[in-house]
Amino acid sequence: MVCLGNICRSPLAEGILQSKLDNTKFIVDSAGTSNYHIGNKPDPRSIAIAKQNGIDITNQRARQFTKQDFIAFDIIYAMDNANYNDIIALADNDAQQSKVKLILNESFPNQNLDVPDPYYGGDKGFEKVFALLNDASLKISQRLSPIT
Ligand code: 4NP
């Protein structure tokens with residue numbers, strides 16, 4: 001799960017998807033394309049909206065996306081088109097590029113929509129982001145863990 005700062009959107013995406021998957025089978029992590037907030041906790045507004053929905057993201061610390069992530073992970077979800085382009089620019093080959101997806105294409109196929117950056121807005125923005133990421137994560141979890 002990758003956004004710009006790794007303090008607002010991607011920490012929520014990490015916590016939400018983790019809450020929907022068997023964590024003995026899947027590793028969900030997050031990172032930022034920027035180095036702005038390395039080592040910081042998630043934004044208090046992200047911590048609050050997660051807590052309201054029964055998810056604790058307080059142990060997360062921001063880190064920057066690295067090329068190593070292309071090797072460590074099978075799927076890389078970008079929160080918006082700018083993050084997508086920044087990640088793609090770091091890929092060494094087509095196989096790595098093909099791991100990168102826009103997360104909202106899970107809910108709105110082929111529309112290439114952005115999870116809006118809530119950083120400069122108010123609490124409503126974080127509620128919207130939570131709802132968008134919850135829907136997308138539900139789709140992801142249903143595909144990865146089909147009920148047999
Ligand atoms: P995020 O939000 O990418 O969802 O973590 C942002 C956090 C910080 C900044 C921008 C977006 N910033 O410019 O510091």
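Hydrogens, waters and symmetry mates are skipped; everything else that's a heavy atom, side chains included, is used. First listed ligand is number 1; within each ligand, the first listed atom is number 1. Start at 1 with the first residue, then count along the sequence. All figures in this text were calculated on a predicted structure; none of them were measured in a lab.
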**Request:** May I ask you to identify, for H37, whether its side chain, its backbone, both or neither come under 4.0 Å of ligand 1 on a heavy-atom basis?
**Result:** side chain
**Contact check, side chains of I7 and Y119, non-hydrogen atoms, under 4.5 Å** = yes
**Request:** Identify, by atom number and element, the atoms of ligand 1 in contact range of L4, meaning under 4.0 Å from any of its heavy atoms.
**Result:** 3 (O), 10 (C), 11 (C)
**Cluster check I103, I75: I/L/V/M/F/W/Y, side chain < 4.5 angstrom** = yes
**Message:** Under 4.0 Å from a heavy atom of C8: which atoms of ligand 1 are those, numbered in the order shown and with their elements?
**Reply:** 1 (P), 2 (O), 4 (O), 5 (O)
**Request:** Nearest 0.5 Å please: distance from the CD1 atom of I55 over to the CG atom of L12.
**Result:** 8.0 Å
**Request:** Considering the heavy atoms of G5, write down every atom of ligand 1 situated less than 4.0 Å from one of them.
**Result:** 1 (P), 3 (O), 5 (O)
**Prompt:** Counting only heavy atoms not in N110, do more than 12 fall under 6.0 Å of its CG?
**Reply:** no
**Fill in**
Tightest non-hydrogen contact, residues E14 and M1, listed as N-CG, 3.8 Å
**Prompt:** In the protein, which heavy atom is nearest to atom 4 (O) of ligand 1, and how far is it?
**Reply:** R9 NE, 2.7 Å
**Asked** Does any N or O atom in P118 lie less than 3.5 angstrom from one in ligand 1, N or O only?
**Response** no
**Whether S145 side chain and Q142 backbone form a donor-acceptor pair below 3.5 Å** = no
**Asked** Of all the atoms in ligand 1, which lie at a distance below 4.0 Å from a heavy atom belonging to Y120?
**Response** 13 (O)
**Asked** So is C3 polar-close to ligand 1, meaning N/O to N/O under 3.5 Å?
**Response** no
**Asked** Which residue and non-hydrogen atom of the protein lie closest to atom 12 (N) of ligand 1, and at what distance in Å?
**Response** Y119 CE2, 3.6 Å
**Item:** Residue part near ligand 1, for N6, under 4.0 Å between non-hydrogen atoms
**Value:** backbone
**Asked** Within the side chain of N6, is there an N or O that forms a donor-acceptor pair under 3.5 Å with the backbone of V2?
**Response** no
**Prompt:** Nearest protein heavy-atom contact for atom 2 (O) of ligand 1: which residue, which atom, what distance?
**Reply:** D117 OD1, 3.4 Å
**Prompt:** Can you get from L4 to L104 by hopping between Ile, Leu, Val, Met, Phe, Trp and Tyr side chains that sit under 4.5 Å apart?
**Reply:** no
**Prompt:** Should you measure from each heavy atom of Y36, which atoms of ligand 1 turn up under 4.0 Å away?
**Reply:** 12 (N), 13 (O), 14 (O)
